[in-house]
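What follows is a single structure, written as structure tokens, with notes after it.
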Protein chains: 2
Amino acid sequence: MTTPASPRLLEHPAREEIRLEAVLHALSDAVRLRIVRELAAARTELSCSHFVLPVTKSTTTHHFRVLREAGVIRQDYRGTAKLNGLRGAELDALFPGLLDTVLAAADAQSAREGAGEAPGASPVTATASG
Amino acid sequence: MTTPASPRLLEHPAREEIRLEAVLHALSDAVRLRIVRELAAARTELSCSHFVLPVTKSTTTHHFRVLREAGVIRQDYRGTAKLNGLRGAELDALFPGLLDTVLAAADAQSAREGAGEAPGASPVTATASG
DNA sequence: GTCAAACTACGAGGATCCTCGTACAATGAT
DNA sequence: ATCATTGTACGAGGATCCTCGTAGTTTGAC
């Protein structure tokens, strides 16, 4: 009777529990915004280890948790890995267009700075947004 | 030779200096989001004293400064008062649709909570967004 | 000059946040 | 069972943030 079948469960806020202020705060950090952009560009769930971030593993865990607790991403264990996926549909139902708009704004800012912070591969990926 | 004609000048970030992270952070606070919503609903410049906020005057000044330094609002002195106006056009040029989307999200959340935090007059104002 | 109104500056308290290092837990393969 | 992989927990340091009170500045009216 130690631990049944459930491997490791993570708490997520219910859709109705998601607060706009928390979402905006979650997206207001450069590292987290980068994570979200990569997740959006990938269109799939990605493991934490997939990300190459300018912070340590501990800090990475922290940022993923902030995103999860704000309701921006969903996390599920898959073997030793933990898959992260955007809660795009839910967010869109709650705050129509918010995520896409922020993502577009981030792309625009990135392009303006001419930096190499592009999340996907080429900086000319955008065209189809829906 | 103490002070020429300039009454009191305030520093604002140039349009190109505005950072998405700073804007999102500025909007992630409940008090500031409320200020922005009222400003958007008013469609005019409003003095600080016009706002009835759950914080002291000192704190109000602080929040207005955060909004100004993030590039969300523009502040100008007008006699003893200080008029605040949204930098909507500039923000929209930089981050298309961002402000409107956040404003709509805030309205949606407000409506969901059934609270009396409505910025304008009636809670049924939305219809024409552009 | 005097007075009221509107806002700021400064400093402080307390909370939250970002970052890290080290130690630990869970899974899958050997 | 042993080991490597993946990610967590805990605690701590340092920065930033929100809030306030008090004192001070600028403007306009009397």
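The figures that follow rest on heavy atoms only: side chains count, while hydrogens, waters and symmetry mates do not. What you see is a predicted model, and the numbers here were worked out from it, not measured in a lab.
Not a single donor-acceptor pair, N or O on each side, falls under 3.5 Å between the base of C/dA4 and the side chain of B/T80.
Between the side chains of A/T59 and A/T56, at least one donor-acceptor pair of N or O atoms lies under 3.5 Å. B/S47 and B/S49 share a donor-acceptor pair across their side chains, judged by distance under 3.5 Å alone.
Distances shorter than 4.0 Å separate none of the side-chain N or O atoms of A/S58 from OP1 or OP2 on D/dG7. Residue A/T56 places none of its side-chain N or O atoms closer than 4.0 Å to OP1 or OP2 of C/dT19. Look at B/R32 and you'll find a side-chain N or O under 4.0 angstrom from OP1 or OP2 of D/dC18. OP1 or OP2 of C/dT19 sits under 4.0 Å from a side-chain N or O of A/H63. Residue A/H50 places none of its side-chain N or O atoms closer than 4.0 Å to OP1 or OP2 of D/dT6.
Note on A/S47: only backbone sugar-phosphate atoms sit closer than 4.0 angstrom, heavy atoms only; bases stay farther off. Counting non-hydrogen atoms under 4.0 angstrom, B/H62 reaches a base of the nucleic acid. Contact annotation for A/T59: base contact, defined as any heavy-atom pair under 4.0 Å involving a base atom.
With B/R74 as the partner, the salt bridge (charged side-chain N to carboxylate O under 4.0 Å, His left out) test is satisfied by one option alone out of B/E69, B/E11, B/E90: B/E90.
Listed nucleotides C/dC7, D/dT6, D/dC17 differ in distance to A/K57; the shortest reach to its side chain belongs to D/dT6.
A/R32 is listed as a side-chain neighbour of A/H25, based on a closest heavy-atom distance under 4.5 Å.
As rounded to whole Å, 16 Å separates atom P of C/dC20 from atom CZ of A/R65.
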